[in-house]
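To start, the structure under review is shown below, and the notes come after it.
A, B, ... follow the sequence lines: proteins, then strands. Residue 1 opens every chain.
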There are 2 protein chains.
Amino acid sequence: MPDSVVLDPVDLEILRLLQNDARTTYRDLAAAVGVAPSTCLDRVARLRRSGVILGHALRMDPAKLGRPLEALLSVQVRPHRRELIGPFVERVRALPESRALFHLTGPDDYLVHVAVAGTADLQRLVLDEFTSRREVARVETRLIFQQWTCGPMLPPAATA
Amino acid sequence: MPDSVVLDPVDLEILRLLQNDARTTYRDLAAAVGVAPSTCLDRVARLRRSGVILGHALRMDPAKLGRPLEALLSVQVRPHRRELIGPFVERVRALPESRALFHLTGPDDYLVHVAVAGTADLQRLVLDEFTSRREVARVETRLIFQQWTCGPMLPPAATA
DNA sequence: TCTGAAAACACCGCTCA
DNA sequence: TGAGCGGTGTTTTCAGA
């Protein structure tokens, strides 16, 4: 499987439309793009096989699920060795509060995006799940005032 | 619309299953949860109306789209006033490289998650779109080695 | 919330350029 | 090789109870 995939304008338009609503029917997709529904089906199947489309995810509102407060935790893991960071990553991923986890360059090794019920819950999370761990050298907490998802993420220099 | 929504075990199970694969049919959903397909349809429609489900998104591989390098940019906007940050946010959201944008507490006002073709593209992005702007006081760039999405994000203390 | 029926859809073969 | 067409099984969706 090649690292990058060749996408023609039809593929790009399909991806753009599916990003707005991933449940768009192939019939509507076909009408919008200007090809036959079966061609759309074929294109989407190919995009899935080639790994461009990883899957279909549900976008949910954390606040509506009782987690109105979101934060980013910058975490320094010391010493930064495989035998420590492997379990650390798995533990963080298993937390119900975790939304995303990044391994980064720079002084802070990890960034954890969490959603919690409130400041008390956040404090508990930081103290019990992070700073209490021996391998966690430092945690810096920043609250998220507002967030935006951007997009559509399409290839640089799109073939128009 | 209330800030938080009351979810029964059926709702939670539906959300859990749809998060793994948002294209699961109502028939399969019904079989897994133990209710009729029409009930599933009704529940999902209600979850959509109540705002718990925001939509169905396509998960795509940035690398396959010619953007194999991802980074987080910490941006300080000075002075941090509405008439400056409004346009700043809109400009960043409109960049094809932007994946997500956060307004944060702490010394750095914004965090921008970007996907680019390579280090040269990243340098161009930082210089031309950020540091060249008068309102941008400082940009700190950290590369993303690896990232994980976590989940399922469900209510704290789930009603069992 | 379920049952059942009707409409819409996905998805497979095939044919044609 | 890739696009388009039609048939079939499945899924969705809407009554009514």
[X] has a side chain; which of [options] sits nearest to it?
X: A/Ser38; options: C/dC9, C/dC12, C/dC11; answer: C/dC12
X: A/Tyr26; options: C/dT3, D/dA3, C/dC11; answer: C/dC11
X: B/Arg27; options: C/dC11, D/dA3, D/dT11; answer: D/dT11
X: A/Ala36; options: C/dA10, C/dC2, D/dG4; answer: D/dG4
X: B/Asp42; options: D/dG4, D/dA3, C/dT1; answer: C/dT1

Quick one: [X] [atom1] to [N] [atom2], roughly how many Å, whole number?
X: A/Asp11; N: D/dG2; atom1: CG; atom2: P; answer: 11 Å
X: A/Leu7; N: D/dG2; atom1: CG; atom2: C1'; answer: 16 Å
X: A/Leu41; N: D/dG6; atom1: CG; atom2: P; answer: 17 Å
X: A/His56; N: C/dA10; atom1: NE2; atom2: P; answer: 11 Å
X: B/Leu29; N: D/dT10; atom1: CG; atom2: P; answer: 19 Å
X: A/Ile14; N: D/dG2; atom1: CD1; atom2: C1'; answer: 13 Å

Check: Is any side-chain heavy atom of A/Arg59 closer than 4.5 Å to a side-chain heavy atom of B/Gln19?
Finding: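 Contact flag for A/Arg59/B/Gln19 side chains = no.
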
Notebook entry, point to check: Any side-chain heavy atom of A/Leu111 sitting closer than 4.5 Å to one from A/Val75?
Noted result: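 With C-beta onward as the side chain, the pair stays apart.
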
Note to self: I'd like to know whether the aromatic ring centres of A/Phe102 and A/His113 sit less than 6.0 Å apart in this structure.
What the structure shows: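 Not under 6.0 Å, so no.
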
Next item on the list: Evaluate the ring planes of B/Trp148 and A/Tyr110, with Trp represented by its six-membered ring, and classify them as parallel (under 30°), tilted (30 to 60°) or perpendicular (over 60°).
Entry: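 Tilted.
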
Margin query: Tell me whether the side-chain N/O atoms of A/Arg23 come closer than 4.0 Å to OP1 or OP2 in D/dT12.
Written below: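 Result: no.
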
Checklist line | Residue-phosphate contact under 4.0 Å: A/Arg43 side-chain N/O, D/dG2 OP1/OP2 | finding: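 No, outside the criterion.
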
